[in-house]
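I have placed the structure first, in the form of structure tokens, so that the comments after it can refer back to it.
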Amino acid sequence: MVGAQAPDWVLNGEPEPPVLWAAVYLDEADLAVAQLWHDTAEAALGPMVRPAGAPRMRRSHGGRHGVTVRRRSWADMMHPSLESAWATWGYGDERPHGPVEHVRLGAWRYDGPYLQLTLSARLADASAMPALADAMVDVVRRVGDRADVGYAEIADRVRMGPSTDLDWALRRADGDSLRDSHRHLRGYGWVTVCPAAIASALGGAAVMRDSGAFTEVAELAPGGLLLRATRTIFDYDDVAVRRVFEALRAVLPPGRPKQPAYETLPHLVMEDASITVVPEPPPV
């Protein structure tokens, strides 16, 4: 864009600021839940973009629909003919006024009834990650209390589309993964949300707390579980990933995942979850 100024971190030669992503998969395109996603995100993250006394933040909205939308607002995006909708909040090329530089929100319809809700926030101040982590978890929890979601995760990256990183590594077909989401967990991340049937198969909240893999285990109103591995994504190292994998192994889809040739999928254990290797006893 002509006249656009590069972000401060580019001009100063600093590393790209951290981004936290959330993705929620609904079995039905419930537009009331999609509206709740927007409203809860705005209440939780809006003040981190625009603190008290800061100028009004910029908002943009858009989407694809089967009808013409005249007024550009999220409410108008939530139409029964929805194909996709998005919103961004921030200050563009201006210096951020709060610890969060910008927020992106999305709703994407796939394969008939399924709906993916996405949320991302880029930090201008990495020290605010604990506050952002709590805010994002609260947004996902609120939606998880409203609907028995097929799957949800919060991580430092999510795949835009019906497939998850684990699906991609296992070469699972999108439709198979979506239809099977209440029998096999579609993935796992720094925060993982299990639907009620999978939570039951895992043994419930008490078993997950006793596993030692999670700093937070929250029971959701429809019966699912929200599982938070570490305090923030910064603490989610290979050891923590392994603990989560072992705790969830029994409900993960079978098959050995593989790293794609042209992409690295972080935070996955490249083992067949259906095969448990029993270590040999030490020699006498």
Side-chain angles (χ1 to χ4, degrees), residues 10 15-27 64 83-84 86 104-112 114-123 133 136 140 149-195 198 213-214 227-230 232-277:
V10 171
E16 184 175 355
V19 180
L20 201 56
W21 284 85
V24 175
Y25 297 85
L26 302 176
D27 295 330
R64 295 181 58 193
E83 294 177 27
S84 66
W86 55 265
R104 300 183 189 275
L105 194 76
W108 318 89
R109 201 169 196 163
Y110 299 111
D111 293 334
Y114 300 102
L115 189 71
Q116 182 192 30
L117 303 174
T118 61
L119 174 64
S120 70
R122 183 188 298 279
L123 280 171
M136 294 273 276
V140 172
V149 302
Y151 175 66
E153 67 176 342
I154 308 176
D156 52 8
R157 54 162 280 158
V158 298
R159 185 167 296 279
M160 297 299 294
S163 63
T164 66
D165 273 1
L166 183 59
D167 290 334
W168 197 251
L170 289 171
R171 278 66 170 176
R172 295 183 81 201
D174 295 341
D176 292 343
S177 178
L178 288 165
R179 287 188 294 270
D180 197 39
S181 63
H182 293 263
R183 188 167 70 96
H184 285 124
L185 191 60
R186 303 188 64 216
Y188 52 94
W190 167 63
V191 172
T192 306
V193 176
C194 308
I198 289 180
F214 307 104
L227 308 170
R228 181 176 181 170
T230 58
T232 74
I233 192 69
F234 292 155
D235 310 314
Y236 192 52
D237 57 14
D238 290 345
V239 174
V241 172
R242 166 62 72 172
R243 288 197 298 261
V244 171
F245 172 77
E246 295 295 345
L248 301 177
R249 177 193 285 271
V251 295
L252 293 173
R256 181 166 183 171
K258 296 180 181 179
Q259 291 285 359
Y262 304 106
E263 181 182 8
T264 299
L265 303 178
H267 307 323
L268 288 179
V269 174
M270 296 298 166
E271 297 177 13
D272 188 335
S274 66
I275 300 175
T276 302
V277 178

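Quick note: residue numbers are just sequence positions, from 1.
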Tell me, do Leu170 and Pro253 make a side-chain contact under 4.5 Å, heavy atoms counted?
yes
Testing the basics here: between Gly161 and Tyr25, what is the closest heavy-atom pair and its distance to 0.1 Å?
O-OH, 3.4 Å
Nearest heavy atoms of Val149 and Pro195, plus distance in Å:
O-CB, 3.1 Å
With side-chain contact (heavy atoms from CB on, under 4.5 Å) as the test, would you mind laying out the steps for Val193 and Val24 before giving the verdict?
CA-CA 9 Å; Val193 176; Val24 175; over 6 Å; no
State the CD1-OG distance between Ile154 and Ser120, to the nearest 0.5 angstrom.
12.5 Å
Apply side-chain contact (heavy atoms from CB on, under 4.5 Å) to Arg172 and Asp180, showing your working.
CA-CA 11 Å; Arg172 295 183 81 201; Asp180 197 39; 3.3 Å; yes
More than 12 non-hydrogen atoms from neighbouring residues, nucleotides or ligands closer than 6.0 Å to CZ on Arg256, yes or no?
no
Looking at side-chain heavy atoms only, is the closest gap between Asp235 and Trp190 below 4.5 Å?
no
Donor-acceptor contact below 3.5 Å, side chain Arg157 vs main chain Pro266:
no
Measure the spacing between CZ of Arg228 and CD1 of Ile233 and express it to the nearest 0.5 Å.
10.5 Å
Taking 4.0 angstrom as the limit, do Glu246 and Arg249 come out as a salt bridge?
yes
Would you give the length of the straight line joining atom CZ of Arg242 to atom CG of Asp237, rounded to the nearest 0.5 angstrom?
13.0 Å
Please check if the number of heavy atoms outside Arg64 that lie under 6.0 Å from its CZ is greater than 12.
no
Keeping the roles fixed (side chain from Gln259, backbone from Leu265), state whether a donor-acceptor pair exists under 3.5 Å.
yes
Could you please spell out the steps behind the side-chain contact (heavy atoms from CB on, under 4.5 Å) verdict for Phe214 and Val244?
CA-CA 7 Å; Phe214 307 104; Val244 171; 3.8 Å; yes
N/O donor-acceptor pair under 3.5 Å between Ser177 side chain and Asp174 backbone:
no
Nearest heavy-atom pair of Gly187 and Thr192: which atoms, and what distance?
O-CG2, 4.0 Å
For Leu20, does its backbone N or O pair with a side-chain atom of Asp156 as donor and acceptor, under 3.5 Å?
no
Between Leu119 and Leu105, what is the shortest heavy-atom contact and its length?
CD1-CD1, 3.6 Å
Would you indicate whether Arg243, at its atom CZ, is surrounded by more than 12 heavy atoms from other residues, nucleotides or ligands within a distance under 6.0 Å?
yes
Do any N or O atoms from the side chain of Thr164 and from the backbone of Arg186 form a donor-acceptor pair under 3.5 angstrom?
yes
Would you say that Val191 contacts Met136 through its side chain, given a criterion of any heavy-atom pair below 4.5 Å between the two side chains?
no
Any side-chain heavy atom of His182 within less than 4.5 Å of one from Asp27?
yes
Do Tyr188 and Val269 have side chains that approach each other closer than 4.5 Å (heavy atoms only, starting at C-beta)?
yes
What's the spacing between Leu252 CG and Ile198 CD1 if we round to 0.5 Å?
8.5 Å
Yes or no on side-chain contact (heavy atoms from CB on, under 4.5 Å) for Tyr151 and Gln116, after CA distance, side-chain angles and deciding distance?
CA-CA 10 Å; Tyr151 175 66; Gln116 182 192 30; over 6 Å; no
Step through the shown structure and confirm whether more than 12 heavy atoms of other residues, nucleotides or ligands are within 6.0 Å of CH2 on Trp168.
no
For residues His184 and Pro254, determine if any side-chain heavy atom of one lies less than 4.5 Å from a side-chain heavy atom of the other.
yes
Nearest non-hydrogen partners of Met160 and Tyr110, listed with the distance
C-OH, 4.3 Å
For the pair Arg159 and Glu153, find out whether any cationic side-chain nitrogen is under 4.0 Å from an anionic carboxylate oxygen.
no
